[in-house]
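Input: a single structure, listed below in structure tokens.
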Amino acid sequence: MNLLLFGPPGVGKGTQGQRLARELGVAHLAMGDLLREAVRQGTEAGKKAKAYMEAGELVPDELVVRMIEDKIRNVSGFLLDGFPRNVPQAEALDAMLDRLGLRLDAIIFMDASEETLLQRLSGRLICRACGFGFHRHYSPPKISGVCDHCGGELYQREDDREEVIAGRLRVYREQTTPLLSYYSKRPVFGKVDANGAPDEVYEKLLEVVKQADG
Ligand code: AMP
């Protein structure tokens, strides 16, 4: 199966995408994670992407399209999270899938209120070692600053600081929301209300995947 999850920052694409990809046995291709890894490794792509990411702006299309194609070519079955983020990227994805003889089996839009997004983003903590996500208030680690799963150090993403969050939500509204009209007429399109607790949202996602697939 090939799936696409899209929606605003903080809606839970990463948390849900990771779980869903594991359950379906497909690769979780999270654009933000791929970019952060490139930055960490100091690759050419990472060097180019760094400043855009810290400012909460989109990295140039050409760079992200190249990175994602590289991944898609090397997996069998994927869940895209955080790509595409604007219409030109969606067009590039369609062209790429055509070339590779692949198609999307489900396209899911996740949405939540701005209040929910702000609360989730500003309290988010991530493990430096395994990438697992926690929240200061909603799902705190057992020991402050330490990952429950691997003992790694928890940190707040540079772009989860309040002054950057507002800009990321603006970028989302201006550049990513047009994807709704780009995708919403397709038979495999579905929408999930992601305001609830993680397990509740996950159940809704599974339903939509089943419907799209059936
Ligand atoms: P995320 O982890 O999905 O919140 O992404 C973190 C940052 O990576 C974003 O704020 C952008 O700077 C960059 N990024 C992630 N996905 C894309 C994309 N599809 N196009 C351009 N930039 C992206």
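Throughout, numbering of the chain's residues begins at 1 and tracks the sequence. Ligands are counted one by one from 1 in listed order, and the atoms in each one are counted from 1 as well. Since we're looking at a predicted model, the values are computed, not measured.
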Present, as a list of atom pairs with distances to 0.1 Å, all nitrogen or oxygen contacts under 3.5 Å between ligand 1 and the protein.
from, atom 1, to, atom 2, distance (Å)
ligand 1, 2 (O), R36, NH1, 2.9
ligand 1, 2 (O), R36, NH2, 3.0
ligand 1, 2 (O), R157, NH1, 3.1
ligand 1, 2 (O), R157, NH2, 3.3
ligand 1, 3 (O), R85, NH1, 3.1
ligand 1, 3 (O), R85, NH2, 3.2
ligand 1, 4 (O), R85, NH2, 3.4
ligand 1, 4 (O), R157, NH2, 2.9
ligand 1, 4 (O), R168, NH2, 3.2
ligand 1, 12 (O), E57, O, 2.6
ligand 1, 16 (N), G82, O, 3.2
ligand 1, 16 (N), R85, NH1, 3.0
ligand 1, 19 (N), G82, O, 2.8
ligand 1, 19 (N), Q89, OE1, 2.9
ligand 1, 20 (N), Q89, NE2, 2.9
ligand 1, 22 (N), V59, N, 3.0

What residues join V146 in its hydrophobic cluster, counting side-chain heavy atom gaps under 4.5 Å, either direct or through other members? I143

Is the OH atom of Y52 crowded by more than 12 outside heavy atoms at less than 6.0 Å? no

Who pairs with E115 by side chain to side chain donor-acceptor pair (under 3.5 Å), at least two apart in sequence or on another chain? none

If you measure from the Lys or Arg side-chain nitrogens to the Asp or Glu carboxylate oxygens, is any gap between R19 and E23 under 4.0 Å? no

When you measure from the side chain of R124 to the backbone N and O of D160, does any donor-acceptor pair fall under 3.5 Å? no

With sequence neighbours excluded, tell me which residues meet side chain to side chain contact (heavy atoms under 4.5 Å, CB included) with S122. E162, I165

